[in-house]
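First the structure, in the form of structure tokens, and then the observations on it.
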Amino acid sequence: MGKFNRYLITAALPYANGPVHIGHLAGCYIPADIYVRYLRAKKADVKFIGGTDEHGVPITIKAMKENVSPQDIVDKYHKIISDSFTDMGISFDIFSRTTNQVHHETAAAFFKKMYDDGLFEEKESEQFYDEKAKVFLADRYIVGTCPKCGNPGAYGDQCEKCGTSLSPDELINPRSTLSDATPVKKVTKHWYMPLQNYEPFLKEWLLEGHKEWKNNVYGQCKSWLDNGLQSRAMTRDSSWGVKVPLPDAEGKVLYVWFDAPIGYISATKELTPDWADYWCKDDTKLVHFIGKDNIVFHCVIFPAMLKAHGGFVLPENVPANEFLNIEGEKVSTSRNWAVWVHDYVKDFPDQQDVLRYVLCSTAPETKDNDFTWKDFQQRNNSELVDIFSNFVHRTMVLMHKLCGGKVPAFHQELKDEKDDALLANLLASRQKIEDSLENFRQREALAEVINVAREGNKYLQEKGPWLLAKTPELQAQHQKEIDNCLHLCLQLTANLAILINPFLPFTAKKICHMLKVVDRMLEWENAGSLKLVSVGYSLRPPEYLFTKIDDAKIKEQVDKLHAGLIKPTAPAATPAAAPKEEKAEIQYDDFAKLDLRVGTILSAEKVEKADKLLKLQVDIGTEKRTVVSGIAAHFKPEEIIGRQVTLVANLAPRKMRGIESQGMILMAEDATGKLVFVNPDAAVAPGSEVR
RNA sequence: UGCGAGGUAGAGCAGAGGUAGCUCGUCGGGCUCAUAACCCGAAGGUCAGGGGUUCGAAUCCUCUCCUCGCUACCA
């Protein structure tokens, strides 16, 4: 670790227009957390910085569409995101937000210093403008007919049907996605950063100085620098963001990619008055954890900004991960093809470490990887349960059975080569784990920890203390050998807690509890010690660190994933309702008025001229009902045929779009606005009553 | 389109000139303190594909295919 006396670790600021999913965790937050926990265990001076990125056009547009303020949007998602991280044990020293006062001041001052130093170019250009919504439009927010293939839904930057990249000028019949207005061109002024001026510096610092960076990161940066940089606008026309701190800049804000990385600095300021030690002293090691989509901003643009401003350290490494797919398909938030962290925490309570384990061992360190629930189950059952947890458990059980529940003594005179080998292997593993962690090969490091448990199992097996205790006479004769074996197994268990701690902190704590040791034992310097638990100390009864996950639980998750999928043809989901107030108390008689029946969907079709409505035929045993249901945004007609649903059968008929709806289907809606059917747990006869 | 990264057993990875290996899974056997660990054995790969260099190529050169990212206004 050598020349660095303190560490500043950042994890990409998630954009506050949606919750976080497991791809975010695998790509960025878990790797960062593992690294940070390792450094803390080494008693390094380290600060772990995070927060939400809350500016930018997509948030204003989401707000406009949901008819709320941008602040409402970011408040809502900051909370959801922040809770998800807390629940998963992502141990930020601060989790801030870019709408904070400190950040606005810091970002504005950063810009102003660069402005005063004459580092910006002022340029005027023509941009498309929506006169109805009174906003400038990014290419993406202009749609029209593709000149190549005639697709009427082509975007201003690209036609997704034929793949042609376009400019808004080429679109036939262009309109704004925000208001349907025809965009007009309007002149606007912005401040540009001439990145080309920093090319020599970047080439030397990065291409010459950081050849050790990961292939994917280095190659991408080299490509940018080889192709030459250009001036890039650092401001935007918007009312939402950090105001440009200049007199003639009404309606201008800092470009989010300018302000967001400065958020790391602001958050550090907020965290500690010593923030400048971490940002300005050469003996600080700054490491940015990000996903691969962010490489250029963290490796080229932000370092150029830091250099331009002056006085800041530059990142020492940017170990960007690739992407995690889910069940063979890219994560898509708009199609809801994702495993949301807040859902996982609810569905798998107290099993954060299982997800941490799986996401680390299948982390996309060198290429995109695939997350499957089957793999999740298998890794839990055969690695965490069978190897890791089982070693700890059998050690504890045997200690209670054969050593009276106390840590047995170690009798030096009986030490053999197997005992020596166990220690030698432990020390070698510790070294390997350190090397791997310091070089950002976390999969390898974690596999080595499991390997230590495997060695433990092997050792226990070879010693076979249970064989030495077949009869009371035998046991009395061999008690010292039994003691030695279990003494070492217990010390190894304590070592496992230390080694697994950066990866699975909840598990490390559980082991400490069982062994009745304090959390300070987890300090890294204790790894390899055989004096972690004291002889004669009585320990707690064994408990399972992990338990098997059965097929049904896995199927549930796979079904949930598919059920939640929104087909691309469907319009975006309706805005999520705020958690509803509890309704007033009712009497049983009120409830008894409802006639709830289980039915089976026989057919389903879209209702003409209605985005959200499906017309369903539902078999409720005695008759077939026509029901109009507002679920078209969530389900394709063909995928719900044959499903069982719960129907309010005695609701007064009502006409919608000219069709009489004879009942209502019960749906559950979560915080993100996603709908799922309320179903019987197992299939029952159509018409069964629900009480 | 251009550029970058990647493509090795069912899954996750290692190997960077000497004839393919590790972990998990699968199958068979032994053993059993334990949520079936550990031991022994087996099956499973034209190393994305074609061409070339070489005594010898997963590895070097070349072309092609596939996946993902970037391509500067999608945060």
Side-chain angles (χ1 to χ4, degrees), chain A residues 12-17 53-59 61 98 125 127-128 136-142 155-158 163-165 167-168 190 195 214-224 226-227 229-233 236 255-260 291-297 300-301 320 322-323 325 330 358 361-370 372 374-375 378-379 381-387 389-402 441 443-444 447 450-451 453-454 456-462 464-469 486 542 544-548:
Chain A
L13 306 184
Y15 199 57
N17 72 343
D53 175 8
E54 307 193 340
H55 296 138
V57 177
I59 282 172
I61 286 170
T98 59
S125 63
Q127 301 282 315
F128 283 98
F136 281 92
L137 295 164
D139 295 353
R140 181 64 187 278
Y141 296 110
I142 300 170
Y155 293 100
D157 55 349
Q158 193 185 22
T164 323
S165 51
S167 80
H190 285 292
L195 291 168
K214 290 174 61 172
N215 280 344
N216 54 341
V217 177
Y218 188 89
Q220 180 77 90
C221 296
K222 187 169 179 340
S223 144
W224 271 71
D226 288 350
N227 289 327
L229 302 174
Q230 298 170 26
S231 292
R232 189 178 171 117
R236 290 289 184 278
Y255 176 37
V256 282
W257 272 115
F258 187 87
D259 102 61
K292 67 170 161 181
D293 52 334
N294 269 255
I295 290 172
V296 67
F297 295 99
V300 176
I301 298 176
E322 302 279 303
F323 284 168
N325 295 332
K330 292 207 309 185
V358 173
S361 49
T362 185
E365 282 180 7
T366 52
K367 61 163 190 207
D368 288 359
N369 259 344
D370 197 26
T372 64
K374 189 80 202 142
D375 182 61
Q378 203 171 72
R379 285 184 186 276
N381 291 357
S382 65
E383 293 171 29
L384 287 178
V385 177
D386 289 349
I387 294 175
S389 178
N390 188 39
F391 170 71
V392 174
H393 190 245
R394 62 201 292 223
T395 295
M396 293 298 288
V397 166
L398 286 167
M399 181 271 303
H400 278 281
K401 271 190 194 164
L402 305 179
R441 296 191 304 260
R443 284 186 309 214
E444 191 177 88
I450 298 302
N451 219 27
R454 187 174 287 120
N457 275 318
K458 204 174 202 170
Y459 172 82
L460 194 50
Q461 193 63 31
E462 285 170 359
W466 54 91
L467 299 175
L468 301 176
L486 286 165
Y544 291 152
L545 296 174
F546 297 98
T547 53
K548 299 235 170 176

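Note that these values count all heavy atoms, side chains included, but never hydrogens, waters or copies made by symmetry. Throughout, a chain's letter reflects where its sequence line sits, starting with A, and its residues are numbered from 1.
Under the Watson-Crick or G-U wobble criterion, with both distances below 3.5 Å, B:rC60 is paired with B:rG52. Shown here, B:rU23 forms a base pair with B:rA11; the pair counts as Watson-Crick or G-U wobble because both key distances fall under 3.5 Å. Pairing for B:rG44 is absent, with no Watson-Crick or G-U wobble pair whose two atom distances lie under 3.5 Å. Searching all strands for a Watson-Crick or G-U wobble partner of B:rC68 with both distances below 3.5 Å returns B:rG4.
For A:Asn457, taking side-chain heavy atoms from C-beta onward, the closest of the listed nucleotides B:rC38, B:rC74, B:rG25 is B:rC38. Closest to the side chain of A:Lys401, from the set B:rC33, B:rC24, B:rA5, is B:rC33. In the set B:rU35, B:rC33, B:rG25, the nucleotide with an atom closest to the side chain of A:Ser382 is B:rG25. Which of B:rC74, B:rG25, B:rC3 sits closest to the side chain of A:Ala138 comes down to B:rC74.
Judged by distance alone, with hydrogens and angles left aside, A:Gln461 brings no side-chain donor or acceptor close enough to the base of B:rC39 to form a pair under 3.5 Å.
The phosphate of B:rC70 (OP1 or OP2) has no side-chain N or O of A:Lys222 nearer than 4.0 angstrom. Within the 4.0 Å cut-off from OP1 or OP2 of B:rG10, not a single side-chain nitrogen or oxygen of A:Lys374 is found. OP1 and OP2 of B:rC68 both lie 4.0 Å or more from every side-chain N or O belonging to A:Lys292. For A:Arg454 and B:rC24, the shortest distance from a side-chain N or O to OP1 or OP2 is below 4.0 Å. At the phosphate of B:rC73, OP1 or OP2 sits under 4.0 Å from a side-chain N or O atom of A:Arg236. For A:Asn369 and B:rC13, the shortest distance from a side-chain N or O to OP1 or OP2 is below 4.0 Å. Distances shorter than 4.0 Å separate none of the side-chain N or O atoms of A:Arg232 from OP1 or OP2 on B:rA72.
Mapping A:Ala233 and A:Asn215 onto RNA chain B via the closest heavy atom, the residue that lands nearer the 5' end is A:Asn215. Looking at which nucleotide of RNA chain B each of A:Ser361 and A:His190 is closest to, the 5′-most match is held by A:Ser361.
Exactly one residue among A:His55, A:Arg236, A:Glu54 makes a side chain to side chain contact (heavy atoms under 4.5 Å, CB included) with A:Val256. That residue is A:His55.
Side-chain contact, A:Asn457 with A:Arg454: no donor N or O sits under 3.5 Å from an acceptor N or O.
On the P atoms, B:rA11 is 16 Å away from B:rG25, given to the nearest whole Å.
Atom OH in A:Tyr15 sits 8.5 Å away from atom OG1 in A:Thr98 (nearest 0.5 Å).
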